[in-house]
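Data block below; observations after.
All values below were derived from every heavy atom in this structure, side-chain atoms included, with hydrogens, water molecules and symmetry-related copies excluded. Please read these numbers as outputs of a predicted model, since none were measured by experiment. All chains are named by letter (A, B, ...) in the order of the sequence lines, taking the proteins before the strands, and each is independently numbered beginning at 1.
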Protein chains: 2
Amino acid sequence: MKIDPNSSEDLSVQIAEAIRAAIVNGDLRVDQRLPTEAELGEQFDVSRSTVREALKRLAAQSLIRTQRGASGGAFVNRLSFEDAQGQMITTSTLLLSMNAVDFETACEARYALERACAPLAAFRRSADHLATMRAEIHRQTQPGLSDEAFCASDVAFHRTLVDAAGNPVLSYQLAGAVEAMQPLMNMITFTARSRERIVALHTRIADALEARDGAAVERGLAELAGYTTELGKSVAAARAARRTTP
Amino acid sequence: MKIDPNSSEDLSVQIAEAIRAAIVNGDLRVDQRLPTEAELGEQFDVSRSTVREALKRLAAQSLIRTQRGASGGAFVNRLSFEDAQGQMITTSTLLLSMNAVDFETACEARYALERACAPLAAFRRSADHLATMRAEIHRQTQPGLSDEAFCASDVAFHRTLVDAAGNPVLSYQLAGAVEAMQPLMNMITFTARSRERIVALHTRIADALEARDGAAVERGLAELAGYTTELGKSVAAARAARRTTP
DNA sequence: CGATTTTCATTTGTCAGACAATTAAAAGTC
DNA sequence: GACTTTTAATTGTCTGACAAATGAAAATCG
């Protein structure tokens with residue numbers, strides 16, 4: 001763990017990287033306690049504030065956690081799927097909101113991912129998964145349901161589909177894509193007609209899953225993907241028109 | 001933007017969250033300059049050090065960048081795919097190295113993702129993509145190639161396959177999965193026999209892509225997935241045996 | 001006047017020292 | 001032995017200072 005005081009990089013960045021490297025290559029193990037801030041300052045020959053800024057950088061990435069008090073300190077964090085998923089969601093949301101990626105691209109990625117889950121889900125789905133999906137479909141047919149609630153149910157439905165695949169890596173990757181699309185998705189389910197169509201496709205997918213027919217699940221998803229993209233396009237077009245002639 | 005000095009959360013965390021929220025909901029736009037650290041300190045009624053720790057947290061997530069000097073300061077960052085991919089890779093690497101996810105799960109996710117790309121890649125692949133893949137296959141047949149070099153070429157092959165799908169979201173998601181698996185992948189390509197088999201499957205996949213036959217690409221990937229999982233298992237078993245009887 | 005150099009004000013990066021808040025362990029008390 | 005108090009260790013926050021970078025304004029020169 002060495003740093004160069006004459007580098008163009010900030011000291012706190014260098015220190016954060018040194019500690020991260022130590023974690024990644026195994027010199028620091030999960031739940032192991034780091035030296036105190038004062039000790040780190042001595043080791044790296046910097047002040048405590050600089051060490052603290054480095055630790056905050058690592059904490060922001062869930063690499064460490066800190067605890068006050070005697071026998072407190074900074075500990076190497078075991079990165080959980082929840083943490084990773086949280087990071088994924090914030091990153092994806094920003095990517096979409098800053099227009100680095102458009103709705104069509106996100107939509108395509110989302111359904112490609114779900115499609116990848118289809119055969120696994122068909123094979124591994126439990127009765128529980130199926131029951132959850134049926135319940136969500138039923139909720140989606142309620143007439144008084146708000147757009148937000150419909151959309152939340154839609155997310156829950158798809159999330160269950162992915163969870164049924166039994167692969168947490170896929171689950172957390174999809175979570176980012178879905179969550180980021182949420183705001184725009186809210187806008188494209190506002191007519192009763194599109195809801196009807198979506199519910200019909202959801203039912204088809206659930207039926208296919210019940211029959212453990214992966215190929216049929218894929219076909220249902222493909223159709224849903226096409227429909228969603230279409231709706232997204234028309235909403236975007238309407239928006240653009242409103243902007244030019246307000 | 002308000003914070004609660006009596007909350008159990010650290011002040012720097014609260015401030016970081018307040019600023020992040022302002023960025024996400026659009027109050028702060030891309031490339032917009034934040035107030036100076038001193039001004040932020042006044043606004044939130046905290047010291048400059050606390051503000052700085054909050055800003056470091058945001059910088060660690062690439063949400064802001066800072067610049068010294070007159071007319072310097074902190075600016076809202078436009079999150080790029082490269083930044084997002086970098087975060088994805090570090091996160092995935094940690095997930096795997098900390099055993100929150102095992103090789104089999106990562107492997108399954110990886111090939112599911114590639115499989116999702118198959119139809120898109122078959123449709124959109126350019127002559128360039130194909131040429132790159134052929135070149136990598138040719139490199140993989142060189143007898144003197146080191147394991148690391150073979151593996152790097154393998155990664156390049158698959159990366160091209162995904163890039164051919166023309167969806168940057170899928171590309172950056174896969175990058176994390178592949179990169180994280182790299183160390184173990186290095187260990188499972190050490191016999192000439194397995195290389196032969198892998199090259200044969202790569203050729204099959206490239207042929208299918210050339211013929212724009214998405215289904216055939218999927219079949220090739222499925223077989224490769226099965227073979228890789230199998231190799232991974234045997235390597236893991238050999239490792240375990242070595243550990244019990246050293 | 002135009003181009004170049006110098007000065008200067010602004011802002012972040014780093015440092016030093018202090019105190020508050022928290023917490024686990026040690027010491028004391030019944 | 002169970003409970004309470006004290007204590008020491010550690011992070012969280014504050015204050016004030018100086019260094020380093022940097023763009024803009026001022027001064028200088030041809």
Take atom CD in Glu9(A); do more than 12 heavy atoms of anything else shown fall under 6.0 Å from it?
yes
Check every strand shown and say whether Thr36(B) touches a base, only sugar-phosphate, or nothing at a heavy-atom separation below 4.0 Å.
sugar-phosphate
Roughly how many Å is it from CD in Glu37(B) to P in dT12(C), rounded to a whole number?
4 Å
If only atom types and distance count, is the side chain of Arg33(A) paired as donor or acceptor with the main-chain N or O of Gly72(A) below 3.5 Å?
yes
Numerically ordered, the residues 60-71 of chain A set in heavy-atom contact under 4.0 Å with DNA chain C is Arg68(A), Gly69(A), Ala70(A), Ser71(A)
Asp10(A) atom CG is separated from dT22(D) atom P, nearest whole Å, by 11 Å
Looking only at heavy atoms, which two atoms of Gln87(B) and Gln61(B) are closest? And how far apart?
OE1-O, 3.3 Å
Rounded to the nearest angstrom, tell me the gap between atom CG in Leu55(B) and atom P in dT11(C).
14 Å
Taking dC15(C), dT15(D), dG12(D) as options, the one with an atom nearest any side-chain atom of Thr50(A) is dC15(C)
Which whole-number value in Å describes the distance from Ile15(A) CD1 to dG13(C) P?
14 Å
With sequence neighbours left out, the residues meeting side-chain hydrogen bond (donor to acceptor under 3.5 Å, both in side chains) with Glu114(B) are Arg110(B), His158(B)
Rounded off to whole Å, could you give me the CZ-to-C1' distance for the Phe75(B) and dG23(D) pair?
11 Å
According to side-chain hydrogen bond (donor to acceptor under 3.5 Å, both in side chains), who are the partners of Arg57(B), at least two apart in sequence or on a separate chain?
Ser12(B)
When rounded to whole Å, the CD to P distance for the pair Glu53(B) and dT11(D) reads 12 Å
How do Val46(A) and Gly72(B) order along DNA chain C: which one's closest nucleotide is nearer the 5' end?
Gly72(B)
Without swapping roles, check the side chain of Gln14(B) against the backbone of Asp4(B) for a donor-acceptor pair under 3.5 Å.
yes
dG13(C), dA18(C), dT11(C): which one has an atom nearest the side-chain heavy atoms of Arg48(A)?
dA18(C)
Determine, stepwise, if the pair Thr160(A) / Asp163(A) fulfils side chain to side chain donor-acceptor pair (under 3.5 Å).
CA-CA 5 Å; Thr160(A) 307; Asp163(A) 284 345; 5.7 Å; no
Nearest whole Å is fine: how far is dT10(C) C1' from Glu39(B) CD?
11 Å
Distance check needed: dA16(C) P versus Glu42(A) CD, whole Å only.
11 Å
When you measure from the side-chain N and O atoms of Arg52(B) to the phosphate of dG13(C), is any distance below 4.0 Å, counting only OP1 and OP2?
yes
